[in-house]
S.K.: 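Would you mind keeping the following structure in view while I ask a few things?
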Amino acid sequence: MMMQQERVLVKHSVTGRMLVSSTDGLTYSFDPQGELTLITVCGVGAEQGAAVVGLRSELNVFRFEEPAGGPVIKHWYYVGDNPVEYDAASGCLKITVQSEIQYRPDEYWE
């Protein structure tokens, strides 16, 4: 039986540069907190963490749901002025997002 897959990406919105990808063996969680959601990504190296924090006002955060046999569902999270923090001791990046756009890329590209 095929299982649904999922991945999380953090990109620089201006250049499209990939900053963090869960496909690099990182763990992550999404914790709703009222109107906001705290995204925690662990296993992030110090250089990557510093890059994300340095570009915090220009981030795009994506989550791709990839169901077996079904269309990909893309979630695009808006960071805005919310906190983006990196803890070098734990290797965890904490990104607070305030809104989400969910869509199916196949409805736009095919």
Side-chain angles (χ1 to χ4, degrees):
M1 180 173 133
M2 292 184 65
M3 297 181 60
Q4 173 174 315
Q5 295 193 3
E6 187 177 280
R7 59 192 163 109
V8 172
L9 309 175
V10 179
K11 291 182 152 188
H12 183 216
S13 62
V14 177
T15 64
R17 177 179 155 210
M18 178 75 71
L19 299 168
V20 171
S21 171
S22 66
T23 60
D24 292 335
L26 309 180
T27 60
Y28 58 87
S29 62
F30 286 72
D31 302 307
Q33 299 183 338
E35 298 290 317
L36 304 175
T37 300
L38 174 63
I39 302 172
T40 303
V41 183
C42 292
V44 178
E47 193 171 306
Q48 281 179 297
V52 171
V53 171
L55 297 169
R56 65 184 167 272
S57 64
E58 301 173 349
L59 297 177
N60 279 334
V61 181
F62 301 101
R63 179 168 60 97
F64 292 84
E65 292 180 71
E66 300 168 329
V72 172
I73 301 168
K74 187 173 182 178
H75 303 261
W76 180 8
Y77 298 93
Y78 180 67
V79 179
D81 294 328
N82 295 295
V84 176
E85 300 168 342
Y86 176 72
D87 179 31
S90 65
C92 291
L93 187 61
K94 294 182 181 291
I95 303 172
T96 303
V97 298
Q98 67 187 50
S99 62
E100 171 186 355
I101 298 171
Q102 177 180 318
Y103 63 99
R104 285 179 37 187
D106 66 308
E107 293 177 344
Y108 291 89
W109 297 334
E110 293 180 1

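We count residues from 1, following the sequence as given. Small disclaimer: the values here were computed from a predicted structure and weren't measured. Reckoned from all heavy atoms, side chains included, excluding hydrogens, waters and symmetry mates.
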S.K.: Do Val61 and Leu55 sit in the same hydrophobic cluster, where Ile, Leu, Val, Met, Phe, Trp and Tyr count as joined when their side-chain heavy atoms come under 4.5 Å apart?
M.R.: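 Yes, it is one cluster - the side chains of Val61 and Leu55 are joined through contacts under 4.5 Å.
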S.K.: Assigning hydrophobic clusters by single linkage (Ile, Leu, Val, Met, Phe, Trp, Tyr; side-chain heavy-atom cutoff under 4.5 Å), is Leu9 placed with Val72?
M.R.: yes
S.K.: CZ/Arg56 to CG/Asn82 distance, rounded to the nearest 0.5 angstrom?
M.R.: 12.0 Å
S.K.: What's the shortest heavy-atom distance between Gly80 and Gln98, and which atoms?
M.R.: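 The pair with the smallest heavy-atom distance is CA-OE1, 4.2 Å.
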S.K.: Between Tyr108 and Ile101, is there shared hydrophobic-cluster membership here, with clusters defined by ILVMFWY side-chain heavy atoms closer than 4.5 Å?
M.R.: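 Shared cluster, yes.
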S.K.: Working to the nearest 0.5 Å, report the span between CD of Gln102 and NE2 of His75.
M.R.: 4.5 Å
S.K.: Quick one: closest heavy-atom pair of Gly49 and Leu93, and the distance?
M.R.: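 Nearest heavy atoms, Gly49 then Leu93: O-CD1, 4.4 Å.
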S.K.: Which distance, rounded to the nearest 0.5 Å, do you find between the CD1 of Ile73 and the CG of Asp106?
M.R.: 9.5 Å
S.K.: With rounding to the nearest 0.5 Å, note down the distance linking OG1 in Thr96 to CG in Asp31.
M.R.: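 If I round to the nearest 0.5 Å, the distance is 10.0 Å.
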S.K.: Return the minimal non-hydrogen interatomic distance between Pro71 and Pro67, and the atom names on each side.
M.R.: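 So the two residues come closest at O-CD, 3.3 Å.
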S.K.: Before you tell me yes or no, could you show the steps for Leu59 and Leu19 under side-chain contact (heavy atoms from CB on, under 4.5 Å), namely the whole-Å CA-CA distance, both residues' side-chain angles and the distance that decides it to 0.1 Å?
M.R.: CA-CA 9 Å; Leu59 297 177; Leu19 299 168; 3.6 Å; yes
S.K.: Not counting sequence neighbours, which residues clear side-chain hydrogen bond (donor to acceptor under 3.5 Å, both in side chains) with Arg7? List them please.
M.R.: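 With neighbours one apart ignored, the set is Glu66.
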S.K.: Do Tyr86 side-chain atoms and Ala46 backbone N/O form a donor-acceptor pair below 3.5 Å?
M.R.: yes
S.K.: Classify the ring geometry of Tyr77 against Phe30: parallel below 30°, tilted from 30° to 60°, perpendicular beyond 60°.
M.R.: tilted
S.K.: Using the disulfide bond (SG atoms under 2.5 Å apart) rule, collect all pairs that involve residues 8-96, keeping only residues at least two apart or in two chains.
M.R.: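 Passing the test, one end in residues 8-96: Cys42-Cys92.
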S.K.: Supply the atom-to-atom distance Arg17 CZ to Glu58 CD, rounded to the nearest 0.5 angstrom.
M.R.: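 Between Arg17 CZ and Glu58 CD, I get 11.5 Å after rounding to 0.5 Å.
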S.K.: Spell out, yes or no, whether Phe62 and Val8 are grouped together once hydrophobic residues are joined by side-chain heavy atoms under 4.5 Å, including indirect joins.
M.R.: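 Different clusters.
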S.K.: With Asp87, which residues qualify under side-chain hydrogen bond (donor to acceptor under 3.5 Å, both in side chains), at least two apart?
M.R.: Ser90
S.K.: Using side-chain heavy atoms (C-beta onward) and a distance below 4.5 Å, is Leu26 in contact with Val44?
M.R.: yes
S.K.: Can you name the side-chain hydrogen bond (donor to acceptor under 3.5 Å, both in side chains) partners of Thr23, sequence neighbours left out?
M.R.: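 Residues passing side-chain hydrogen bond (donor to acceptor under 3.5 Å, both in side chains) with Thr23: Ser21.
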S.K.: Hey, what do you get for CH2 (Trp76) to CZ (Arg63), rounding to the nearest 0.5 Å?
M.R.: 16.0 Å
S.K.: How far apart are the closest heavy atoms of Ile95 and Val52, and which atoms are they?
M.R.: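 So the minimum-distance heavy-atom pair works out to CD1-CG1, 4.4 Å.
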S.K.: Give every residue pair that meets the side chain to side chain donor-acceptor pair (under 3.5 Å) criterion with at least one member in residues 40-50, sequence neighbours excluded.
M.R.: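 Counting only pairs at least two positions apart or across chains, no side chain to side chain donor-acceptor pair (under 3.5 Å) contact touches residues 40-50.
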S.K.: Indicate if Phe64 and Val10 have the same hydrophobic cluster label, given that clusters are the connected sets of ILVMFWY residues with side-chain heavy-atom separations under 4.5 angstrom.
M.R.: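 No, Phe64 and Val10 fall in different hydrophobic clusters.
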S.K.: What pairs with Ser57 under side-chain hydrogen bond (donor to acceptor under 3.5 Å, both in side chains), at least two apart in sequence or on another chain?
M.R.: none
